[in-house]
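Step one of this worksheet: look at the structure below.
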Amino acid sequence: MRSMTVSNFDEAMVQALAIAKLALDSDDVPVGAVVLNAAGEIVGRGNNEREAEHDPTAHAEIIALRQAARVNNNWRLDGHTVVVTLEPCAMCAGAIAQSRIKAVAFGAWDEKAGAAGSVWDVLRDPRSPHRVEVISGVMEDECAVLLREFFQSRR
């Protein structure tokens with residue numbers, strides 16, 4: 001994996017959006033994620049692969065977290081940030097918390113299954129032993145348009 005350094009969430013989201021579009025090749029929902037280390041280097045990338053892999057856990061965030069853990073040779077991703085085009089679901093939010101991610105920045109809200117503030121707030125639940133900083137609305141319009149166009153083309 002080629003390393004790339006980004007200096008802000010918009011730059012990282014541009015990368016996540018490009019990765020999200022890869023999911024379209026397999027008719028997966030176009031969601032993309034990158035994991036940044038403390039230096040701002042992308043150490044994990046993922047797009048939805050549920051259809052391609054016939055795997056209900058193959059969400060963009062899970063794939064990016066797995067790659068980052070392999071790059072770091074450690075499942076603990078303290079000091080890392082996930083940047084994802086869509087608000088994480090409960091499964092992904094749980095995986096993010098379990099990996100000790102510092103922050104999540106996302107673009108579009110998921111009003112049906114979001115777990116970072118819309119439907120649930122798994123990442124900031126006071127009962128959780130590890131809370132994650134949440135930054136919402138990063139390039140929200142661009143992220144929402146990609147998803148809206150995908151679902152409109154299927155109706």
Side-chain angles (χ1 to χ4, degrees), residues 1-23 28-50 52-53 55-144 146-147:
M1 178 182 72
R2 185 174 69 73
S3 179
M4 177 180 174
T5 303
V6 296
S7 61
N8 61 50
F9 292 138
D10 283 354
E11 285 181 37
M13 190 61 78
V14 167
Q15 295 300 311
L17 278 163
I19 293 164
K21 292 174 184 171
L22 298 174
D28 274 289
V29 177
V31 176
V34 296
V35 178
L36 308 174
N37 66 15
E41 298 169 322
I42 296 175
V43 294
R45 295 176 173 84
N47 59 271
N48 274 358
E49 295 182 9
R50 292 184 309 168
E53 297 298 324
D55 179 355
T57 68
H59 288 207
E61 301 95 311
I62 301 295
I63 293 165
L65 288 169
R66 287 176 179 158
Q67 191 175 80
R70 282 192 300 274
V71 165
N72 288 308
N73 200 31
N74 194 337
W75 65 267
R76 292 178 189 266
L77 298 173
D78 301 287
H80 288 61
T81 299
V82 172
V83 179
V84 60
T85 58
L86 180 64
E87 178 186 6
C89 70
M91 174 184 69
C92 293
I96 287 165
Q98 288 297 315
S99 63
R100 311 300 193 261
I101 288 288
K102 175 182 128 186
V104 171
F106 69 87
W109 289 94
D110 185 345
E111 299 296 333
K112 292 181 180 178
S118 62
V119 179
W120 300 286
D121 201 350
V122 171
L123 297 174
R124 296 177 290 196
D125 190 310
R127 297 166 293 187
S128 175
H130 180 77
R131 282 183 270 316
V132 178
E133 179 184 0
V134 175
I135 300 102
S136 60
V138 178
M139 296 182 64
E140 182 175 359
D141 292 339
E142 294 89 335
C143 295
L146 180 61
L147 290 160

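Here the structure is a predicted model, which means the values were calculated and not measured.
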Please test V82 against L65 for side chain to side chain contact (heavy atoms under 4.5 Å, CB included), starting from the C-alpha separation and ending with a verdict.
-> CA-CA 8 Å; V82 172; L65 288 169; 4.0 Å; yes

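- Taking A33 as the reference, A60, E61, A64, V84 meet the side-chain contact (heavy atoms from CB on, under 4.5 Å) condition, with sequence neighbours excluded.
- Judged purely by atom type and a 3.5 angstrom limit, H130 uses its side chain to pair as donor or acceptor with the backbone of I101.
- Between the side chain of T85 and the backbone N or O of A16 there is no donor-acceptor pair closer than 3.5 Å.
- Residues forming a salt bridge (Lys or Arg N to Asp or Glu O under 4.0 Å) with D10 (at least two apart in sequence, or on another chain): none.
- For A69, the side-chain contact (heavy atoms from CB on, under 4.5 Å) criterion is met by no residue, not counting sequence neighbours.
- Scored by the side-chain hydrogen bond (donor to acceptor under 3.5 Å, both in side chains) test, N74 finds no partners at all (sequence neighbours excluded).
- Under the side-chain hydrogen bond (donor to acceptor under 3.5 Å, both in side chains) criterion, S128 pairs with no residue at all, not counting sequence neighbours.
- Interatomic distance, CE of M91 versus OG1 of T57, reported as 5.5 Å (0.5 Å rounding).
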Quick one: side chains of residues 132-142, donor-acceptor pairs under 3.5 Å with protein atoms, not counting sequence neighbours, listed by atom name and distance.
none

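- Between L123 and A93, the closest heavy-atom pair is CD2-O, 3.3 Å.
- Evaluation of the side chain to side chain donor-acceptor pair (under 3.5 Å) test over residues 89-117, restricted to residues two or more places apart or in two chains, returns none.
- For R124, the salt bridge (Lys or Arg N to Asp or Glu O under 4.0 Å) partners at least two apart in sequence or on another chain are D121.
- Residue pairs meeting the ring-ring contact (aromatic ring centres under 6.0 Å, His included) criterion with at least one member in residues 73-93: none, sequence neighbours excluded.
- When every heavy atom of G107 is checked against every heavy atom of M13, the shortest pair comes out as N-CE, 3.5 Å.
- Rounded to the nearest 0.5 Å, atoms CG (D125) and CH2 (W120) are 13.0 Å apart.
- Take V29 and apply the side-chain contact (heavy atoms from CB on, under 4.5 Å) test, not counting sequence neighbours, and it matches V31, N48, R50, L147, F150, F151.
- Put simply, CD1 on I19 and CD1 on I63 are 11.0 Å apart, with the number rounded to the nearest 0.5 Å.
- Residue pairs meeting the salt bridge (Lys or Arg N to Asp or Glu O under 4.0 Å) criterion with at least one partner in residues 63-87, sequence neighbours excluded, do not occur; the list is empty.
- Considering all non-hydrogen atoms of both residues, A12 and V34 come closest at O-CG2, 3.9 Å.
- To the nearest 0.5 angstrom, L77 atom CG is 11.5 Å from L36 atom CG.
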